[in-house]
Amino acid sequence: MHSEPLLLYLILLPFMGSIFAALLPTNARNAEAWLAGFVTITTLFIVAYLHPWVADGGVARYAIEWLPELGLNFTLRLDGFAWMFSILITGIGFLVVLYARYYMSPKDPVPRFFSFLLAFMGAMQGMVISGNLICLAIFWELTSIFSFLLIGYWHHNATARDSARMALIITGTGGLCLFAGLIIIGHIVGSYELDDVLVAGDKIRQHDLYTLALLLILMGALTKSAQFPFHFWLPNAMSAPTPVSAYLHSATMVKAGVFLLARFWPVMSGTDEWFFIVGLAGMSTLLLGAFFAIFQQDLKGLLAYSTISHLGLITTLLSLGSPLAAVAAIFHMINHATFKASLFMAAGIIDHEAGTRDMRKLSGLFSFLPITATLAMVASAAMAGVPLLNGFLSKEMFFSETLEQHRASLLDGVAPYAATIASAFAVTYSIRFIHTVFFGAKPANLPRKPHEPPRWMRLPIEFLVLVCLIVGIIPGLTIGPYLHTAVVSVLGERTPEYSLAVWHGINTPLIMSVVALTSGILFYLALRKYLAQGLDGPPVIRSFKGKRIFEQILVTISWRWARWIETHFGTQRLQPQLRLVVFIAFAAGFWPFYTANYHFNLPVFADIDPIFALVWCIGIACALGAAYQAKYHRLAALILMSGAGLVTCITFIWFSAPDLALTQLLVEIVTTILILLGLRWLPKRREIVFKDTLTDHIRRYRDFFLAAACGGGMAMIAYITMTSPLPSSISSYFLEHAYPKGGGTNVVNVILVDFRGFDTFGEITVLGIVALSIFALLRRFRPAPDSIEIPEQQRIQNAYDKAHADREDGETVRDYLKVASVIMQWMFPCIILLAAYLFLRGHDLPGGGFAAGITMATGFLLLYIAGGTRWMEDRLHMLPMRWIAFGLLLAVLTGMGSWLIGFPFLTSYFQYMEVPFIGKIPIATALLFDLGVFALVVGATALILIALAHQSIRSHRSRTTETTKREENT
Amino acid sequence: MELILSLGIGVLVGSGTWLLFRPRTYQVIIGLALLSYAINLFIFSMGRLTVNAPPVIQPGTEIDPAAFADPIPQALVLTAIVIGFATTALFLVVLLATRGLTGTDHVDGKEDDR
């Protein structure tokens, strides 16, 4: 098999495994473990198989085009460094799965656990082999999200929830900063491809935005790798299940930060900014982490702070900017992952077997867990940097690097001392871990009687400790070539000469190691009495908790500030909001006017058509009248509004837009009917003269001036645009090609159903959705109490019937439109014919699906008005929702039909056909599409109006139930 | 002609905006309807005003695009009219539902405290 597509499987396999794992039943512990084990080991084998491609500085690439125009592709890129990380992710992943099988209790919902774990693995794997900065940022955020889910796995536990949230907020914020930083890098380089970025080092470092990009990227890396002052989320994340801690918080996720630093090391390091920011963060983390670790009472807390400190060590190494330091950093990433993962697993076994991980309760466990204890001791020795173990090698390299002068500064001078002190602290906490837990008096009051764990649970630790030993003793033969591959892929031509030998002779680093070891032991002895007090946390600054500060900041931002902004700038009232929106819109429209000099043509009064002017005088009067009357005289306002609508319609026809005029006229009719139907449910309002206060006057004048300003501004814009020449547009294309390509002579209709058919498709979908929403809203409609009574006119008419002996009850109401209704019923077939006519001519002459649809709906409506809802529905149930469904389906199928013959969606085909008596009619697929439009418009319009009309029947029913209830009560 | 139409658009926008600021839902719906007339006319006028030249072509003849009204604003406005009807309807139903639920036709769902 070709190598490159295999890269995709490195990501796909874990994610697919994750989905599959989520589907298994809750108690399928073994099946889950087998599945996860299979996925991880297969991915591990794929990674191992890919080694030949990355050896000797080679790079395996695989790209899927996504948005090539924007330079955004899904690129995967595996080089030696990424390969090494992939081995760590998949290898330790496999060991963790094996361990988790025995660690997780049968009561825990394991599908969730393995599903998240595999998904996390996929995200991490994607992060390390991303060849595109945007992909990298996305996978980076995915690791944050899955780590959130994993930390909060025991979500019944409040601490777990809080810790998960804290980790997500900190690493997620960092991730967003990183995203911004990567975008800046992409902007500087002109490409988001990692390959291009890695060769553009000089360009990036000399760019003005370098410092900003560096700060943002460092925010991402330092938060993820829990560097000071963002370190506090990591110890809290220890409320996750131990396999998660062993995997995420020692070997993989927290390594993402230093991975990123190393990844961008060739292009971003070597500047003063890099050296000071990264160096300061790294060195303070190195020291503080190690110091805090000594005073932890929780086993995992100790390991967490130790992890922070070791990550600080790696960061410090990367800050130095020398190639040898980078080699040491990469080497230490591997070493730390191996010994820390095994230590976490050992801590998990102790917790699992003894029932607690509080060091105040644990002691003398050696006799119960001899093998685990031995393994833990070897791993701790590696952590402390004892010779013949892997931790020693990278620590020696670190020491010798701190001795070098990199940049003449205080930070550089302090480095060797800080390194030695931190290393001594590491010895202290390692001894404390071993001595407290495994030696001393026999444990008392343990929740459980400890014993050795199952064989397979211990196997991962055994394997990792073996690796520590082998690498520590014969580094050159084992890790050497692989480390070299990783180093070459990061450093390229700058790869220095380095030696992995255990023995370098007696030199300063060795002396520093000896000093650290002895002073570490002495420090432990000196501290024993203090530690025996059982106080949690470091002395003096114990009460200074990062977590508490974080929570206070969170409360301030998300509660106090939010509240303050809400009370000061928020309103629940619509009117101020609308005023603000309108004002901003006005300002936005006014600004370009003010800044750009528009040429204002003086109006020419000579070419004004007096009739048109008269028409608009009526239109203007109608608009003003509607505005004036809308409060107390709703019907008058509605009629005046329709007057303005008619003037609009006349304007359309005047200026050569027959299609618009037709549609406007028809829509005007249905809108009027619609609002008439609604009027019945509005409260009565009699004109009462209020005594207006001064505030009312001010408010009204302010509204008036704002409205007048908007109107005046709009008139200005319209006038200036209309009198300036028309720039060349794509209209000529449509005019020239409407007939040859669309087969229609009515260009507007051809644009709607053919050229821009997809837009129209979207619009009819919206129409359908609106109609259904209205239908759904009205199903739960409850009229206000004062509108339930039958309307006043009907009451008067009924009273009239009662008063006259010769009239039946309800006769007047029934017959009040007798003549008109007969005519309306007779008109129904004529309207159908008119709709068909409008529909068929639409492609060539004004008309089309929209106009025909509304006409048809008006026909149905007239029947409703003529006969009443009951009469109509006894005879003809039109089922508007079926019309909508049919129309939408027809439009989609017509569009999809073009796929069958290999053309894109909605490509149309046309032909003319001779039909007897009617003549030549166009038979285009666009006609079918237009039929879909027609059906949908009929359905939607009818559904809206009928649903509203039905309310009077329903309220009649509710009136009846009300009356019966009242009678039952009395 | 341009002057008349732009004055008309201005008055429609002014009346519509004035009604938007009013407290009663019915006033707002009338305001929105007036505004939508104005906006449709405005978009339509972006193709400039042409008299007696609807964009209906004669097949087989040489087509001079300058001799026809601009079809693009017309196509845009045509769908805008229909969508405008749909939103008016939706707003009407929402206002009726609010009126049923809250018992008032004030835009805030409760009467002004005055």
Side-chain angles (χ1 to χ4, degrees), chain A residues 573-575 578 603 613 616 619-620 623-624 626-627 630 634 637 641 644 648 655-660 663-664 667 671 674 678 681-683 703 707-708 710-712 714-715 718-719 722-723 726 731-732 734-736 739 745-748 751-752 763 767 770 774 777 781-784 850 944, chain B residues 1-4 6-15 17-21 24 26-27 30 33-34 37 41-42 45-46 48-50 52-57 59 63 65 68-72 74-75 77-79 81-83 85-86 88-90 92-93 96-97 99-100 103 105 107-108:
Chain A
R573 299 177 52 224
L574 182 72
Q575 288 166 278
L578 276 179
W616 266 104
I620 287 171
L624 294 174
R634 297 199 186 104
M641 186 198 95
T648 308
F655 295 115
S656 329
D659 277 290
L660 294 191
T663 317
Q664 177 74 47
V667 165
T671 311
L674 178 84
W681 306 107
L682 287 171
D703 288 354
C710 285
M714 203 65 189
Y719 183 75
M722 277 190 261
T723 49
L726 183 67
S731 300
S732 52
F734 290 133
L735 282 164
E736 279 157 13
Y739 193 72
T745 55
N746 181 4
V747 184
V748 175
I751 291 177
L752 282 176
E763 275 144 3
L767 192 63
V770 169
I774 288 175
L777 268 171
F781 176 71
R782 295 285 171 274
F850 278 112
I944 294 169
Chain B
M1 301 302 254
E2 283 85 2
L3 182 71
I4 307 264
S6 37
L7 280 179
I9 292 174
V11 172
L12 283 173
V13 169
S15 319
T17 319
W18 161 262
L19 284 174
L20 276 194
F21 301 146
R24 302 293 151 191
Y26 186 75
Q27 293 174 303
I30 297 285
L34 291 179
Y37 294 147
L41 282 172
F42 180 72
S45 73
M46 291 300 100
R48 307 299 184 269
L49 304 182
T50 329
N52 271 336
V56 177
I57 49 176
I63 292 160
F68 294 97
D70 195 342
I72 292 180
Q74 296 197 15
V77 172
L78 187 79
T79 42
I81 293 174
V82 180
I83 295 285
F85 162 69
T88 310
L90 184 62
L92 181 79
V93 170
L96 292 181
R99 149 93 176 122
D105 66 338
V107 285
D108 296 334

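Chain naming here is simple, since letters A, B, ... match the order of the sequence lines and numbering starts at 1 in each. The figures here come from the full heavy-atom set of this structure, side chains too, leaving out hydrogens, waters and symmetry mates.
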What option among [options] has the most heavy-atom pairs under 4.5 Å with chain A?
| options | value |
| --- | --- |
| B/Ala97, B/Ala89, B/Gly103 | B/Ala89 |
| B/Ile57, B/Val93, B/Thr17 | B/Ile57 |
| B/Ala69, B/Ala33, B/Gly8 | B/Gly8 |
| B/Leu12, B/Ile72, B/Ile30 | B/Ile72 |

By a 4.5 Å heavy-atom criterion (distance strictly below it), what part of [X] contacts chain A: side chain, backbone, both, or neither?
| X | value |
| --- | --- |
| B/Leu49 | both |
| B/Phe21 | both |
| B/Leu19 | side chain |

With a 4.5 Å heavy-atom cut-off, do B/Arg48 and B/Asp70 have their side chains touching?
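A side-chain contact is absent here, since even the closest heavy-atom pair is not under 4.5 Å.
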
Measure A/Ile944 against the heavy atoms of chain B and call it side chain, backbone, both or neither at under 4.5 Å.
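Contact with chain B: side chain only.
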
What part of A/Ile751 gets within 4.5 angstrom of chain B, counting heavy atoms only: side chain, backbone, both, or neither?
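Only the side chain of A/Ile751 comes within 4.5 Å of chain B.
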
Donor-acceptor under 3.5 Å (A/Asp703 side chain, B/Trp18 main chain):
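Pair absent, no side-chain N/O of A/Asp703 close to backbone of B/Trp18.
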
Can B/Asp105 and B/Arg24 be counted as an ion pair, charged N to O under 4.0 angstrom?
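Salt bridge present between B/Asp105 and B/Arg24.
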
